[in-house]
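The structure appears below as structure tokens.
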Amino acid sequence: MAYTIHGKTGDWELVIGLETHIEVTSNSKLFSGASADYNPSVPANTQVSFVDAAMPGMLPVLNEYCVEQAIRMGLGLNAEISKRSKFARKQYFYPDLPQGYQISQPAEEPPIVGRGHIEIIGDDGNPKKILIERAHLEQDAGKLKHDAHPTKSMADYNRTGVALLEIVTFLDTKNPGNNSFITSPDEAEKYLRQIREIARSLGVSNANMEEGSMRADVNVSVRRVGAAEFGTRTETKNMVSFKFIKTAIEYEARRQIEIIENGGTVSQDTMHYNQDSGTTTVMRSKEDALDYRYFPDPDLLPLIIEDDLIERIRATLPELPSVRRARYMSELGLSEYDAARLTESVQISNWFESAVGDKSVRAKPIANWMISELFAHPENFVLDESIQRDESIRIIAPSDLAELVDMISENEINGKMAKDIFVKMLDGETGSPKQIADKFGLKQMSDTGAIVSAVDDVIAKNASQVEQYKSGKVGLIGFFVGAVMKSTGGAANPELVNKILKEKLG
Ligand code: ADP
Ligand code: MG
């Protein structure tokens with residue numbers, strides 16, 4: 001179902017655009033040789049070169065490795081890599097920025113990474129493309145500390161000049177029928193998780209929101225269901241948690257709906273999210289919008305990227321989630337939906353592949369168990385250590401699920417028993433599925449003789465149903481199977497019961 005918000009004058013849909021910043025993994029900064037390691041254990045202002053400190057006459061030198069990282073991420077986003085892009089100065093004054101400007105790639109010029117897309121599972125359960133407009137390289141700013149001294153604010157410039165890659169989603173305003181953009185809080189989270197997964201699997205960034213190596217600006221607008229035009233958006237800056245992002249989107253959408261329904265108009269403001277109340281408030285209005293006075297950085301030449309560099313990088317890429325997805329469909333026969341669910345994170349894919357091992361016949365049943373049983377209880381999976389740290393997490397070993405699935409296919413247990421064993425495993429019962437089965441006497445009756453006598457018994461006791469079945473009410477087969485299962489305490493092999501019943505009933 002498409003996500004909508006019910007207002008007092010009708011239903012509204014959301015339009016969401018994300019600008020995601022990921023900190024690029026690299027030994028040194030984007031334009032200087034200083035270490036890019038700014039983590040809190042590093043003493044303040046010990047990783048600051050003269051370039052980072054903006055000493056007069058110091059010249060930036062572009063870090064080639066950061067460029068390669070951007071290309072790598074671009075390929076992971078299925079994006080075009082620009083052969084030629086430029087750097088410009090974005091001017092603003094703030095004490096965390098010694099230069100007085102940030103070197104970035106302005107929106108008017110081609111950025112290093114152009115149009116691309118990733119795929120998520122949309123709210124309707126189907127795979128959905130999310131278009132990417134661009135990704136560009138820019139410098140990060142330093143960090144201000146307001147609580148280190150009673151009367152002074154302190155600045156730590158270790159992070160100043162570290163490379164960021166900003167990834168911006170695309171909204172096709174010329175083509176209103178195209179809905180390849182984020183339309184709900186859940187989709188926003190899924191998109192960000194995908195970005196994170198891609199960045200991590202490529203080694204481009206840790207993309208860890210808690211540590212600040214992934215941050216997002218969240219653009220939200222609303223429109224009446226079915227409207228062709230987009231509404232006016234607001235932008236909530238610098239969001240650093242999935243939970244806050246989802247709350248902010250929903251709050252902001254409701255705020256805008258209320259304004260419009262009360263006859264007002266939304267103004268294109270920059271918002272601030274208040275963590276404690278879960279609300280957004282205006283940080284600056286459009287009239288106060290900063291004029292960054294972008295101009296080309298005279299110290300930096302245009303960035304020219306040769307085809308062989310792109311091809312050399314492409315050849316070293318590990319298997320991306322999208323490629324894994326395609327392989328699960330073509331080699332393991334999974335549905336598009338199952339394949340997408342199992343490639344939402346690298347850990348999940350690895351878990352799945354480890355359970356399947358070299359027996360591809362296990363793939364489908366294992367996918368079913370994972371999706372309908374494990375995912376139904378998110379506490380069973382370590383999806384995101386940064387937001388689920390406090391939860392008690394129980395993980396079934398992949399080899400145990402494999403064993404359980406094999407026991408079913410070898411007719412040692414039936415589906416009902418497997419479920420019992422599975423629940424016991426979740427509840428912390430120790431031992432392998434086989435040991436649990438032995439301990440609780442869960443063993444399928446596959447002895448034909450015993451089943452035949454149970455069938456005979458049921459047929460003898462239900463003469464009128466037998467009559468009806470024979471006169472064409474074949475739907476009654478379920479009744480007979482149920483009766484035999486019941487009389488055998490659920491232990492009979494249902495397939496065998498079915499087969500024997502059909503033989504006997506003619
Ligand atoms: P800026 O750089 O001024 O923040 P951009 O035009 O680059 O603006 O857009 C930033 C993000 O906002 C993009 O992801 C874009 O898709 C999104 N966006 C643009 N218009 C809207 C809208 N009407 N509703 C929601 N998001 C929007
Ligand atoms: Mg912006």
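Atoms within a ligand are numbered from 1 in the order they appear, just like the ligands themselves.
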Can you sort out which atoms of ligand 1 are near Gly17, meaning under 4.0 Å from one of its heavy atoms? 14 (O), 17 (C), 26 (N)

Between Asp269 (side chain) and Thr234 (backbone), is there a donor-acceptor pair under 3.5 Å? no

Would you kindly say whether Glu235 and Thr270 are connected by a side-chain donor-acceptor distance under 3.5 Å? no

Does Phe170, backbone or side chain, put an N or O under 3.5 Å from an N or O of ligand 1? no

Between Tyr328 and Glu353, do the side chains contain an N or O donor and an N or O acceptor separated by less than 3.5 Å? yes

List every atom of ligand 1 that sits less than 4.0 Å from any heavy atom of Val168, numbering the atoms from 1 in the order shown and giving each element. 13 (C), 14 (O)

Heavy-atom nearest neighbour of atom 13 (C) of ligand 1 within options Thr169, Asn219, Leu18: Thr169

Has Gln69 got a side-chain atom pairing as donor or acceptor with Thr25's backbone, closer than 3.5 angstrom? yes

The single option from Asp52, Asp299, Val51 that satisfies side-chain contact (heavy atoms from CB on, under 4.5 Å) with Met58 is Val51

For Gly231, counting its heavy atoms only, list the atoms of ligand 1 lying under 4.0 Å from any of them. 23 (N)

For atom 8 (O) of ligand 1, the option (of Glu19, Arg233, Glu229) bearing the nearest heavy atom: Arg233

